[in-house]
Number of protein chains: 2
Amino acid sequence: MSVTQSSKAKQRSECVFSNVLDLFGDKWTLLVIRDIFFFNKHEFKEFLASPECIATNILSDRLKRLLANGVIAEQIHPENKSRKFYYLTEKGKALLPMLIAMAKWGAIYMPDLNEMQKLYARLREDEKKLLSEVMDAIEQWEAQNIPKSQ
Amino acid sequence: MSVTQSSKAKQRSECVFSNVLDLFGDKWTLLVIRDIFFFNKHEFKEFLASPECIATNILSDRLKRLLANGVIAEQIHPENKSRKFYYLTEKGKALLPMLIAMAKWGAIYMPDLNEMQKLYARLREDEKKLLSEVMDAIEQWEAQNIPKSQ
DNA sequence: GAAGAGTACTTGCAAAATGCAAGTGGTTGG
DNA sequence: CCAACCACTTGCATTTTGCAAGTACTCTTC
């Protein structure tokens, strides 16, 4: 039990923003969510391979928190018991608009557009289409990997 | 010079999300932004009075970072040189959709709806109207308090 | 014009979170 | 059975936070 802050340990106030930040207000949590949404990553080692180089203990902690809060779910890899899949629950999938809003702001106001040009272009071109394409990709992965997607 | 992370000190990667999180990925920064948008707060002591009880050193640091990154601007209080106004720049005002997305998610998935019911109601009722009302309030404050709003 | 209150901070120190390197225990392929 | 892989855990140094106290400046009141 090393989850930095358990499910609803201490909330700083009853404000939505403060509560959302209690869950996602750090430099790593949303990067994991990004990896699932936009890079179709689902395993521990895949998250580790992201360019930000998250440490294994931090990743482990964040996955636990997200699991404990029902944002993601896990499943043993069907082909290998020592591997796991992590995937978004409905609660987690509902975060996409937030990520899109972040990306839109960043695309305009952050100086460095080198990476992710494709995302920006798709964002500018047709946001709703991007949104549905990302969700389609997620659901397609689920159909192939999660036995009974409830 | 105690700003935790200067303007573009070290970026973890060239990903938008990672860059946005380098700026806003903590438990306090967006609460200051929330206070300006939704509670019409503009002074140090007003931010301190929020229910989350931010410490003075943290607040001071966050204001510096936001200033350094052009998200907010400051101005000496016209009636008292020892007071300051902090207000959103265009860059800062553009954060509203992100906050709205956070609030929408929280309104649905966070268990504690006690506070901020009004915001949720307005969000459900007519999001665009809420958005423009918040922006109107901000601009009205500026018209009254910022001499030449450029 | 000195005293007191208010404002926006800074400082110092303890506690917590993070970053890094190394290790652990189970699983699988050969 | 052994080496490689995988998802972690552990230990420890560094960084960030939280808290209490202090400081410098301004304005108000006598």
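Below, each value reflects all heavy atoms present in this structure, side chains not excepted, and no hydrogens, waters or symmetry copies. Letters A, B, ... mirror the listed sequences (proteins, then strands); counts begin at 1.
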Original post:
Side chain of A/Lys84: nearest nucleotide among C/dA8, D/dC27, D/dA7?
Top reply: D/dA7
Original post:
Between D/dT26, C/dT10, C/dT18, which nucleotide has the shortest distance from any of its atoms to the side chain of B/Asn57?
Top reply: C/dT10
Subject >> Nearest-angstrom distance from the residue atom NZ of A/Lys27 to P of C/dA17 >> reply: 16 Å
**OP:** Determine, for B/Arg122 against B/Glu133, whether the closest basic-nitrogen to carboxylate-oxygen distance falls under 4.0 angstrom.
**Re:** yes
Original post:
Which whole-number value in Å describes the distance from A/Arg83 CZ to C/dG26 C1'?
Top reply: 15 Å
Original post:
Counting side-chain heavy atoms from C-beta on, which of C/dG26, C/dA8, D/dC25 comes nearest to B/Ser82?
Top reply: D/dC25
Subject >> A/Asn80 CG - D/dA4 C1' separation (whole Å) >> reply: 12 Å
Original post:
Going by modelled atom types, is there a donor-acceptor pair between the base of C/dT10 and the side chain of B/Thr56 at under 3.5 Å?
Top reply: yes
Original post:
In terms of the nearest nucleotide of DNA chain C, which residue is placed more toward the 5' end: A/Trp28 or B/Lys45?
Top reply: B/Lys45
Original post:
Roughly how many Å is it from CG in B/Leu63 to P in C/dT7, rounded to a whole number?
Top reply: 16 Å
Subject >> Distance below 4.0 Å between A/Lys64 side-chain N/O and D/dT9 OP1 or OP2 >> reply: yes
Subject >> Mutual orientation of the aromatic rings belonging to B/Trp105 and A/Phe24 [parallel < 30°, tilted 30-60°, perpendicular > 60°] >> reply: perpendicular
**OP:** Could you state the atom-to-atom distance from CG of B/Leu48 to C1' of C/dT10 in whole Å?
**Re:** 14 Å
**OP:** Using atom CD of B/Glu52 as one end and atom P of D/dG18 as the other, report the distance to the nearest whole Å.
**Re:** 12 Å
**OP:** For the pair B/Lys93 and B/Glu90, find out whether any cationic side-chain nitrogen is under 4.0 Å from an anionic carboxylate oxygen.
**Re:** yes
Original post:
Hey, does the side chain of B/Asn19 reach the backbone of B/Ser13 with a donor-acceptor pair shorter than 3.5 angstrom?
Top reply: yes
Original post:
Does a side-chain N-to-carboxylate-O contact under 4.0 Å join A/Glu52 and A/Lys27?
Top reply: no
Subject >> Spacing between A/Arg12 atom CZ and D/dG18 atom P, to the nearest angstrom >> reply: 8 Å
Original post:
Could you state the CD1-C1' distance from A/Ile58 to D/dT14, rounded to the nearest angstrom?
Top reply: 12 Å
